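Atoms within each ligand, like the ligands themselves, are counted from 1 in listed order. On a predicted model such as this, the values are computed, not experimentally measured, just so you know. Index from 1, following the sequence. As a basis for the values below, the full set of heavy atoms in this structure was taken, side chains included, without hydrogen atoms, waters or symmetry mates.
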Amino acid sequence: MHVAEVAPRGLFITFEGIDGAGKSSHIDTMAAHLRAAGRRVMVTREPGGTTLAERLRGELLNTPMDALTEVLLVFAARRDHLTQAIEPALAAGTTVLCDRFTDSTFAYQGAGRGFDTGVLQQLESWVQSDLQPDLTLWFDISPEQAAQRLSTARSPDRFEQLDAAFFHRVRRGYELRAGSHAERFVRIDAGLDREAVATQVAATLRARGW
Ligand code: TYD
């Protein structure tokens, strides 16, 4: 009897950190590494990743709005991204590398803006059921060093314009999430130079046999 082959589920890996932590430059390197190891890889980002979610991203980054509106739009974008892109890819065995995910919402909207984390938890389970990343790389850096890096880069978006106290709270938010989701969080010391950061990322993959 012929039995249809079911592809093993793909890995879901997310990248987190305050603005200026430098995570984005390591995502493509990891994608290349995983492809060389024989995996099919999709690189995506949040907010964004689908036509609708990218439109919502434009509003989120540029249009002033109240905290609840911001949270609802972030999760609306996430829902579309999950149903249209992430879930189908994982089900087909594709590894998904996502630049930011729900930990960003807990760090920025929760810890940064002081939005009720109980409501965030409710939305999280509503929007993504029990889906959690297999691995989250947290690029941790001091807000002062991150600001220095950003000042030499492009013009800031709505979040990047926030003050140092905000980013201290966001960093603390990541620390709390890393504590409550220790099984998937790996802290990367992003204050080091690019090579040293890349070495930590590579070691994290190697430790998992990926
Ligand atoms: P990012 O993609 O890191 O920006 P850039 O491409 O400019 O480096 O993230 C965009 C911004 O969105 C960032 O400041 C964090 C914010 N954000 C939230 O506030 N909540 C969220 O849930 C997500 C996913 C992002």
Side-chain angles (χ1 to χ4, degrees), residues 12-28 30-31 43-50 52-82 85-86 96-117 119-128 131-133 136-141 143 145-174 176-178 181 188 190 194 197:
F12 184 27
I13 304 176
T14 58
F15 297 74
E16 295 285 354
I18 63 172
D19 294 275
K23 62 189 159 49
S24 305
S25 65
H26 293 280
I27 298 177
D28 291 338
M30 186 186 285
V43 177
T44 186
R45 69 173 180 183
E46 288 216 343
T50 64
L52 172 58
E54 287 291 333
R55 283 210 316 247
L56 295 176
R57 177 191 178 91
E59 298 302 332
L60 279 160
L61 298 192
N62 299 302
T63 309
M65 60 187 77
D66 89 296
L68 177 57
T69 308
E70 187 172 290
V71 163
L72 293 172
L73 286 188
V74 162
F75 274 106
R78 182 160 300 135
R79 178 72 187 169
D80 193 59
H81 192 201
L82 279 168
I86 296 176
V96 175
L97 306 187
C98 193
D99 189 347
R100 298 192 179 283
F101 194 60
T102 307
D103 299 315
S104 281
T105 314
F106 279 83
Y108 281 77
Q109 281 66 46
R113 293 218 194 279
F115 192 87
D116 185 336
T117 49
V119 175
L120 296 183
Q121 269 160 6
Q122 216 168 353
L123 285 165
E124 177 184 33
S125 66
W126 201 15
V127 164
Q128 64 202 66
L131 177 78
Q132 287 287 335
T136 297
L137 294 167
W138 169 32
F139 290 74
D140 187 32
I141 188 173
Q145 202 179 343
Q148 212 166 11
R149 286 188 186 170
L150 280 178
S151 65
T152 57
R154 66 242 148 137
S155 59
D157 64 35
R158 211 162 62 83
F159 292 97
E160 290 167 356
Q161 287 164 12
L162 291 158
D163 61 15
F166 176 82
F167 286 107
H168 277 284
R169 292 196 299 276
V170 173
R171 186 188 197 188
R172 175 80 187 122
Y174 277 123
L176 289 172
R177 280 292 271 188
H181 293 74
I188 301 290
R194 206 193 171 287
V197 173

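Considering CZ of Arg113 and CZ of Phe166, their distance stands at 5.0 Å, rounded to 0.5 Å.
Summary of contacts: the protein heavy atom closest to atom 22 (O) of ligand 1 is Thr105 OG1, 2.6 Å. For atom 23 (C) of ligand 1, the nearest protein heavy atom (residue, atom name, distance) is Ser104 CB, 3.5 Å. Looking only at heavy atoms of the protein, atom 3 (O) of ligand 1 is closest to Arg100 NE, 2.8 Å. The protein atom (non-hydrogen) at minimum distance from atom 2 (O) of ligand 1 is Arg57 NH2, 3.2 Å. Regarding atom 13 (C) of ligand 1, its nearest protein heavy-atom neighbour is Asp19 OD1, 3.5 Å. Scanning the protein for heavy atoms near atom 8 (O) of ligand 1, the closest one is Arg154 NH1, 3.6 Å. Closest to atom 19 (O) of ligand 1 among all protein heavy atoms lies Gln109 NE2, 2.9 Å.
Heavy-atom proximity to Asp157, at under 4.0 Å, picks out these atoms of ligand 1: 7 (O). Counting the atoms of ligand 1 from 1 in the order shown, those under 4.0 Å from a heavy atom of Val74 are 22 (O). In the vicinity of Glu46, heavy-atom distances shorter than 4.0 Å reach the ligand 1 atoms 24 (C). Taking every non-hydrogen atom of Arg78 and a distance limit under 4.0 Å, the qualifying atoms of ligand 1 come out as 22 (O), 24 (C).
Judged by the shortest distance from any of its heavy atoms, Leu61 lies inside the 4.0 Å radius around the atoms of ligand 1. The closest approach between any non-hydrogen atom of Lys23 and ligand 1 is below 4.0 Å. For Ser24, the heavy-atom gap to ligand 1 stays at 4.0 angstrom or more.
Looking at Gln128 and Thr102, their side chains do bring a donor and an acceptor atom within 3.5 Å of each other. Looking only at atom types and distance, the side chain of His81 has a donor-acceptor partner in the side chain of Thr44 under 3.5 Å away.
The backbone N or O of Val127 lies less than 3.5 Å from a partner atom in the side chain of Arg79, making a donor-acceptor pair.
In this structure the side chain of Tyr108 reaches within 4.5 angstrom of the side chain of Arg100, judged on heavy atoms.
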Stepwise side chain to side chain contact (heavy atoms under 4.5 Å, CB included) check, Phe101 with Leu82: CA-CA 10 Å; Phe101 194 60; Leu82 279 168; 4.1 Å; yes
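Classification of Glu124 and Arg78 as a salt-bridged pair fails, no side-chain N sitting under 4.0 Å from a carboxylate O.
For the pair Arg177 and Tyr174, the NZ or CZ position fails the cation-pi test of under 6.0 Å to the six-membered ring centre and within 45 degrees of the ring normal.
Atom CZ of Arg55 has 12 or fewer heavy atoms from other residues, nucleotides or ligands within 6.0 Å.
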